[in-house]
Amino acid sequence: MKFVLGLTGGIGSGKSAASQWFEQQGIVVVDADIVAREIVEVGQPALLHIQQAFGDWVLTEDGALDRRALREHIFQSAEARKTLESITHPAIRQSIIQQLQAAQSPYVILVSPLLFETNQHELTEHTLLIDASVELQIQRAAQRDGQNIEQIHRIIAAQMPREQKQQFAKDIVLNDGHLEHLYAQLQPLHAKYLQRAKVNEQSSL
């Protein structure tokens, strides 16, 4: 059985920088955010189900999902959020499983900001949290995305608290310095995961 690593971290934690580093080492990364966008593209069954559940207003003139309108709607209604998640989560999970199984690298990574919140960690054998203080998260997200502080606070509030993620994660990397510092911490973990992958492979022979 292939060794699957779950990689997570809050907004501005450096999760993307870490996943890019692993990709540069030749490891296949399945990104839950990308999968979430793919399953609601034009022609996908999930998009049709969203239209049926909410109405035609969720579509733009060219038939694509109007993400902004839908996002504003579910921010104001917990019921609407539940309805949307009941459509998207099973489709996302199915696609993730297919991509993890198809991966052709020593081990494979599932990167997801909501790894624990959506129980996607159940699809992994081991988890790695890229961690940073809330102050640093806000600072980085504001510089990178140009989002206002209030928006960033809302995103952080919607995600699982740091302390809770720390309890769930098997490995934790504190990304509080330069990228070189982050990469130096990832290097021994990569070696450990390669070893774990080899053990998995041998036991399945």
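Just so we're clear, the structure is a prediction, and the values are computed from it rather than from any experiment.
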According to the side chain to side chain donor-acceptor pair (under 3.5 Å) rule, which pairs have a member within [range], sequence neighbours left out?
{"range": "residues 40-54", "answer": "Q51-D56"}
{"range": "residues 77-90", "answer": "none"}
{"range": "residues 166-178", "answer": "H126-D171, D131-Q166, D171-K192, D171-Y193"}

Hydrophobic cluster of L48, others only, ordered by chain and residue number, side-chain cut-off 4.5 Å =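 Via sub-4.5 Å side-chain contacts, L48 links to none.
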message = Under 4.5 Å side-chain heavy-atom separation, chaining through any Ile, Leu, Val, Met, Phe, Trp or Tyr, what else clusters with I172? Say none if it is isolated.
response = L129
In terms of hydrophobic clustering (I, L, V, M, F, W, Y; side-chain heavy atoms under 4.5 Å; direct or indirect links), are [X] and [Y] co-clustered?
{"X": "I74", "Y": "L59", "value": "yes"}
{"X": "I155", "Y": "F75", "value": "no"}
{"X": "F3", "Y": "I97", "value": "no"}
{"X": "I34", "Y": "V40", "value": "no"}
{"X": "L128", "Y": "I109", "value": "yes"}

task = May I have the step-by-step check of side chain to side chain contact (heavy atoms under 4.5 Å, CB included) for I130 and L186, ending in yes or no?
result = CA-CA 10 Å; I130 307 299; L186 296 178; 4.3 Å; yes
task = Please confirm whether the backbone N or O of I11 pairs with a side-chain atom of Q137, one donor and one acceptor, at under 3.5 Å?
result = yes
request  = Return yes if some donor-acceptor pair links the side-chain N/O of K2 with the main-chain N/O of S105 below 3.5 Å, else return no.
outcome  =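 Yes; at least one donor-acceptor contact below 3.5 Å.
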Hey, what do you get for [atom1] ([X]) to [atom2] ([Y]), rounding to the nearest 0.5 Å?
{"X": "S13", "Y": "K165", "atom1": "OG", "atom2": "NZ", "result": "7.0 Å"}
{"X": "R140", "Y": "I152", "atom1": "CZ", "atom2": "CD1", "result": "12.5 Å"}
{"X": "R71", "Y": "L65", "atom1": "CZ", "atom2": "CG", "result": "9.5 Å"}
{"X": "Q151", "Y": "I138", "atom1": "CD", "atom2": "CD1", "result": "13.0 Å"}

Which atom of [X] lies closest to which atom of [Y], heavy atoms considered:
{"X": "P106", "Y": "A197", "value": "O-CB, 3.3 Å"}
{"X": "L7", "Y": "L115", "value": "N-CD2, 4.2 Å"}
{"X": "V30", "Y": "V35", "value": "CG1-CG2, 4.2 Å"}
{"X": "G55", "Y": "V58", "value": "O-CG2, 3.2 Å"}
{"X": "T8", "Y": "P113", "value": "OG1-O, 3.4 Å"}
{"X": "L114", "Y": "T118", "value": "O-OG1, 2.6 Å"}

Tell me every residue that passes side-chain hydrogen bond (donor to acceptor under 3.5 Å, both in side chains) with [X], counting only those two or more places apart in sequence or in another chain.
{"X": "T60", "value": "D62"}
{"X": "E122", "value": "R93"}
{"X": "N148", "value": "none"}

query = Listed by chain and number, what are the side-chain contact (heavy atoms from CB on, under 4.5 Å) partners of A32, not counting sequence neighbours?
reply = I96, L110, S112, Q120
Distance-only donor-acceptor pairs under 3.5 Å for side chains of residues 16-29, two or more places apart:
{"from": "S19", "atom 1": "OG", "to": "S16", "atom 2": "O", "distance (Å)": "3.0"}
{"from": "Q25", "atom 1": "NE2", "to": "W21", "atom 2": "O", "distance (Å)": "2.9"}

query = Partners of F54 by ring-ring contact (aromatic ring centres under 6.0 Å, His included), sequence neighbours excluded?
reply =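 Residues passing ring-ring contact (aromatic ring centres under 6.0 Å, His included) with F54: H73.
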query = Among all residues two or more places apart in sequence or in another chain, which pass the ring-ring contact (aromatic ring centres under 6.0 Å, His included) test with F168?
reply = F116
inquiry  = Counting the benzene-type ring for Trp, do Y183 and H190 have ring centres under 6.0 Å apart?
reply    = no
Non-hydrogen side-chain atoms of [X] and [Y] separated by less than 4.5 Å:
{"X": "H121", "Y": "N119", "result": "yes"}
{"X": "L70", "Y": "R67", "result": "no"}
{"X": "L194", "Y": "K198", "result": "no"}

